[in-house]
Structures are given as C-alpha cells and as structure tokens.
Amino acid sequence: MFMHFLDFPQLVRAGGTVRLPGSKSISNRVLLLAALAEGTTEIHNLLLSDDTARMREALQALGLSCAADASGVWRVEGCGGRFPVRQAELFLGNAGTAFRTLTATLALAGGDYLLDGIPRMRERPIGDLVDALRQLGARITYTANPGFPPLRLAPARIEANGIVRIRGNVSSQFLTGLILALPLTGVRVTVEVEGELISRPYVDMTLKLMQRFGVTVEREGWRRFTLPAGARYRTPGVFHVEGDASSASYFLALGAIAALPENPLRVEGVGRAALQGDVRFADAIAAMGGVVTMEETAMTAHAPAAGLRGLTLDCNAIPDAAMTLAVAALFARGETRLANIASWRVKETDRIAAMAKELGKLGARVEEGADYLVIVPPDAEHPLVPAAIATYDDHRMAMCFSLAAFAVPLRIEDPGCVAKTFPDYFERLQALVTPAPVIAVDGPTASGKGTVAARVAAALGFHYLDSGALYRLTALAAKEAGVDWADEAGVAALAARLEARFGAAGEIWLNGREVSAEIRSEAMASGASRVAALPAVRESLLFRQRAFHRAPGLVGDGRDMASVVFPAAPLKVFLTASAEVRAERRYRQLRARGETADKAVLLADLRARDARDMNRAVAPLRQEADARWLDTDTLGIEEAVAQVLAWFAER
Ligand code: DC
C-alpha cells in the first residue's frame, strides 16, 4: 500500500532482537559475480529490495536464469563471462551498485547495451568510470549529458595490456565496478588510483568477494590493483550473504539511545566477522558512549547511564552508517562533527544538504560545509520541535530520522522509500520500541469528556489535548483572516499554519493573543462544527494533534481520538450519558451563568446534534470496538476520573 506519511509519537524505550536482512552491497556484487562465473551459485539470505530487484531484472534481461526456490534460496546460472543477450536496454532505477558495476561489466562484455535510471540516477556522476573504461578500449557514449547516465555501450576493442588510471575521490563504486569487470578482458591489467581513495572498506569487500569467486587481485596499498592475465570467475557453489551492516546502524543507535542494560537491542546476522566496513559504526556509537558488545555474527547495544556524548569523526570509511550518527547526535551532550563526507552529495540525494535541512526543521542547530556537518544538540533554549521530515526518495533519510522520535513526535514523509534496501524496516522498528502512553477519550457533546480527560491528565502528570479547541481556534483564525468557514482549501491552509500555544492552566493563545474565553463562545462553537466537517481541515490538524503525543504521556479528548488520531492508543474510553442527563447538565450550566434556557429545547437540540454527529461522513461519532464504555448517568466527575485511572493502572 502506498503511504504518504508515517507518524511517530514520542518513543520512550527500545529493546529486543532483530534479524537483519541481507547486505545490499554484498547481494548486488554476488549476483553479478555469480552471473559472470562458470557454474551455478546458490545464494542464501539474498536481500530482496528495490536495489537488488534492479540487478536481478538486469541479469534476467541479459538472458540469465536467476530465480528463488520456495525456501527463498536463489540460484544464478553463470554465463562464464558471455551474456546470452547481446543487445538490451536496462533500467536500473536509482541503484548505484547495480549501475556502476553493470556499466563496467557490459562495456567489456562485447554487446550493445543502453543503461538508464530514474532522474536522480541521471544526476549522479559516472564520468570517472567511463574515462577509465575507455582506456581499456571500451566504446561508451553519453546519450544526454556528458559525465552522466544514460549510457550507450558498444563492444569494446580491448587494447590494454598495461595500466588504467581512475580517480578514487568521488565514489569508490567506480573502482569496484572497474576491477570487478577486469576478468572480461582476459589480459593482465593494473589499475592505478589517482587522488585519495574514499570508502575503502567497500573496495576491500569487492576484492574479498572476487576471491570467493576464484579471482585474486594483487593490491599494493590502496593505489595499485593488478589482475593477472587469464583470470576467470568460478562459482563457490553456495554463498551466504551476511546481514546488512548499514541497516544494523539504526538498531545499534536505537539501543544506544533508548535501551536498558537488562533489555538491550540485539542485532543478529552481522558482527565482528563482517566483510562490510559499516560494522565499524559500532565503534563510532561506542565512542559516543553507547555500550556495544560484538560477537562473531551479532551485536548488542544499550544506553550508557551517563548519556551519549558528541564526537568528532572522520566518516570516510562509513559514509552510509554515518548518517545515523547525525541523528544520534541529537541525544548527545556536546556537538558532533562528521568530517570527510563529501561523497554524501552524490548519493541518493545530496545528503549533506538534506540532512541539514531536515534536522533544522526539528529545531536542531546545524552547520553544513562542503564535506562536513556539525550538529549541536538541543537545550532548554533550543528545544526540538515536532516536524514533518521530507525523505528525498532516500531510504537512509527515512530510516535514520525515525530515531529522532525518541526526542519529539514526528512525521516521516514517503516512508515507502525504504524499499530500496529494507522494505519492512518500519514494521521491524515498531516491534522494538515503546511509545509514550496515550489515553483517548471520545464521546458525544456535553458528556463531560473534556473535564474528565483534563483531570485524568493532571492526575497522571500527562499532557492534555483538547482537540475541540483546535477546531475552535481554526474557526476563529478563519474569521479573523476573512476566510469563509465553507472555504475548505482556505480554512485547511490556515489550520496548517495555526500559530497556537497552550498554557499549563488551560490558557490558549492564537498569534500571541490570549483567546481562551473567545473560543468558548456560541459563535465559535458553531464555526468549529462547520470547519470540523471539512475533510481537508481535519487532515491539516491531524499531525498537529499527534504532536501532543509526548513523554511522559497524553490524554486526548475529542470525537475521533480513538478512531483516527490515536487508533493505537492502549486505553480508549467512550464517555457518554443519556441525552436527558446531558440536557440537564447543560441546563444547569446555563442557569449558573445566569442565562435562560428551556429543558425541552435543549434536549431536542442535543438529540439532533447526536444524530448529525453519528451520521456525518467525516469522523462520525461512534464507539470503537476496543474502547471501554463509561456511562456517566449516575457517576460524578470524580468517580469517572477514578474509573479511567483504574483502567489505566490495570493496563
Ligand atoms: O468539543 P468542542 O465542543 O470544543 O468541539 C468543537 C467542535 O469541533 C464540535 O463541533 C466538534 C468538533 N470536533 C471534532 O469534529 N473532532 C474533534 N476531535 C473535536 C471536536
């Protein structure tokens, strides 16, 4: 199902065990190595995600058999370096690993191919790799912009028996792609890296995987790599993909932020024995104070008693996992400086800019440099604020920002982008975290739910959300701005920008002016009921209401608290009373204010409103199946409050 957003309440605790999906970097390399090898390779724990789907589809389009059996084991029949399909157009989405390795491989594979991806892929540089391949005799043309995909590849005229130079400081995937494809030339080739080689652990992984497929590259430092003449890939038969170390970073950080020693966060599938450089994230989060234990193929983490502390780190070796540090920095004492991360700018999005912008929306102070990022944690003068986080079609933006929910409620936009590497990330996360508690109190008009909810909140020391007040404020804001209550788009836009503040003693400010009494008028009640019937207005106010769901807890009252706003509330109360009793209460209230009233008219009014509320199309009044029924016909306020507190304690 396509989801526009995912809302998080403030989370208070994490703990438990997660088994990691297979590594993306290893899965895509092994798929290609298995395809190039002689013989059939059986692959276990292959990652199933968008990026590896692009690689699998590409191999199938190239005529290879690549399929899973019922137990999820994949079999790739290798082609010994000769793809059956000599002419194809391949679409590789935004899969960098697939694009770079297939560019090099197909440029040397003797066929005619066109390689393309999504618009962002067309913005990601590939010129350094193309320049290197051309030195080997590859014939590559840019069909749009020089230096960028799409690429047209024609059969190479291999002319190398010597040295190829390649730049190493933009993306290590260029070197990975080049070296991985070299056996297709059949000749001895030496690759010389110009400039600093970044992300070295990924190149190391490439070399180790090539070795598993029978090809040994001679490495001199990180400058020269030599492939002997006549090297050929041979299947190792069976290959087990280790868990994804970059994905592990979210769970280790989760543990370091919010897990207790007695219930730590345990990640299974990757550990000390890993091929992936990103396991070194464990050292980084430990340097921030996280308590991490490493095993051969598992890691556990919990929070330090003294809290996390900021750090300065050269992140060159762990570029992807370092994004997780940027969010963990919000929970640390002292600033965090992530250095040597220029490669972030050419990833799924410009990750330095995206990270700075979205951390800024949460109220964090961030300094963005060409190749670094400084994050200053919040303090009393600079608290974090709930915000909707844009994810830029970047899986890692979505995953790392979910951790910020331990500081404030937040909204993750386009959460489905995690499918690139971790399709069920949010489900896994949900199973490991505890949100702040919330009590939803629904009920008909004049049932006393506002009074009961406010008193329960006070008794528990929880926050209180009077959702009706937000509709009343919206009506007032519309009136002041001269926007008609029937103008759905106009009122919804106002609701989205409502400058409202709630005081501890029930005071309410709109645009800095106290309006507590004003919004209680009959005129605003009527305006509120008009604007509350507009779906776009309800949508605009949804996240604003959920932003109240903070530690230590929340009591929210309103007619859709349990059904729409907090459907996962562990305690839902449907507070009601017969129309007669409610009319009687209203009558006494009005008389106390010195107003005249007619009981029969009040009763008829209430009944009409109930009917309208229950039958209206948007957010109709109804008791949720899992809500407790509390009839206040015979109960006083105190007894009703005591009953709700008893239910909460029993939970
Ligand atoms: O509870 P109240 O009287 O302050 O509510 C004002 C109006 O807003 C009323 O017409 C009901 C509507 N409302 C709503 O539709 N959904 C809510 N969650 C709260 C109030």
Side-chain angles (χ1 to χ4, degrees), residues 7 438-457 463-479 485-486 488 491-492 494-495 498 500 502 506-508 510 515-549 554-567 569 572-577 579 582-583 585-586 589-590 593 602 605-624 627 632 637:
D7 287 339
V438 57
I439 302 175
V441 183
D442 294 24
T445 190
S447 61
K449 62 186 188 303
T451 314
V452 170
R455 297 232 190 141
V456 169
H463 303 280
Y464 166 56
L465 165 61
D466 171 2
S467 62
L470 287 173
Y471 290 97
R472 290 166 182 264
L473 280 167
T474 302
L476 179 60
K479 183 169 162 255
W485 285 333
E488 181 162 4
V491 179
L494 273 175
L498 213 53
F502 294 80
E507 323 90 299
I508 300 174
L510 181 64
V515 295
S516 321
E518 207 171 331
I519 61 165
R520 300 283 157 214
S521 68
E522 273 308 306
M524 283 317 125
S526 135
S529 97
R530 299 270 307 277
V531 301
L534 307 172
V537 173
R538 302 196 75 85
E539 182 70 31
S540 278
L541 290 175
L542 186 59
F543 181 61
R544 187 178 282 273
Q545 294 173 80
R546 289 178 174 166
F548 281 81
H549 189 175
L554 172 69
V555 184
D557 102 66
R559 62 201 55 201
D560 61 346
M561 287 296 103
S563 55
V564 176
V565 185
F566 303 113
K572 298 175 175 178
V573 178
F574 191 80
L575 198 78
T576 188
R582 286 182 284 133
R585 286 181 192 155
R586 190 89 184 117
Q589 226 173 32
L590 292 173
R593 279 197 225 151
L602 283 174
D605 269 3
L606 263 178
R607 287 205 163 118
R609 241 167 108 176
D610 283 352
R612 222 171 30 239
D613 280 355
M614 284 185 288
N615 296 319
R616 77 179 185 192
V618 288
L621 176 67
R622 64 183 150 97
Q623 182 191 3
E624 287 299 289
T632 63
I637 291 289

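Just follow the structure's listing: the first ligand is 1, and inside any ligand the first atom is 1. Remember, it's a predicted structure, so these values are computed and weren't measured experimentally.
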Task: Working for salt bridge (charged side-chain N to carboxylate O under 4.0 Å, His left out), residues Asp610 and Arg582 - done: CA-CA 11 Å; Asp610 283 352; Arg582 286 182 284 133; 2.6 Å; yes
Shortest protein heavy-atom distance from [atom], along with the residue and atom involved:
| atom | value |
| --- | --- |
| atom 10 (O) of ligand 1 | Ser529 CB, 3.0 Å |
| atom 16 (N) of ligand 1 | Arg538 NH2, 2.9 Å |
| atom 5 (O) of ligand 1 | Gly468 CA, 3.6 Å |
| atom 19 (C) of ligand 1 | Ser467 OG, 3.3 Å |
| atom 12 (C) of ligand 1 | Ala532 CB, 3.7 Å |
| atom 9 (C) of ligand 1 | Arg559 NH2, 4.1 Å |

Considering both backbone and side-chain atoms of [X], is one of its nitrogen or oxygen atoms within less than 3.5 Å of a nitrogen or oxygen in ligand 1?
| X | result |
| --- | --- |
| Tyr471 | no |
| Arg616 | yes |
| Asp557 | no |
| Asp466 | no |
| Arg472 | yes |

Side-chain heavy-atom pair [X], [Y] within 4.5 angstrom cut-off:
| X | Y | value |
| --- | --- | --- |
| Val564 | Arg538 | no |
| Arg472 | Arg520 | yes |
| Val537 | Trp485 | no |

Open item on the list: So does Leu534 get a backbone contact from the side chain of Glu488, meaning a donor-acceptor N/O pair under 3.5 Å?
Closed with: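 Such a contact is absent between Glu488 side chain and Leu534 backbone.
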Task: Ser516 side-chain N/O to Ile508 backbone N/O, donor-acceptor pair under 3.5 Å - done: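 Judged by distance alone, yes, a pair lies under 3.5 Å.
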Open item on the list: I'd like to check the salt bridge (Lys or Arg N to Asp or Glu O under 4.0 Å) partners of Arg585; sequence neighbours left out, ordered by chain and number.
Closed with: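 Once residues adjacent in sequence are excluded, Arg585 has no partner under the salt bridge (Lys or Arg N to Asp or Glu O under 4.0 Å) criterion.
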TODO: Among residues two or more places apart or on two chains, list those pairs meeting salt bridge (Lys or Arg N to Asp or Glu O under 4.0 Å) that have a residue in residues 446-455.
DONE: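 Salt bridge (Lys or Arg N to Asp or Glu O under 4.0 Å) check on residues 446-455 returns Arg455-Glu638.
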Open item on the list: If you take the nearest heavy atom of each of Gly556, Gly558, Ala528, which one is closest to atom 6 (C) of ligand 1?
Closed with: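 Ranked by closest heavy atom to atom 6 (C) of ligand 1, first place is Ala528.
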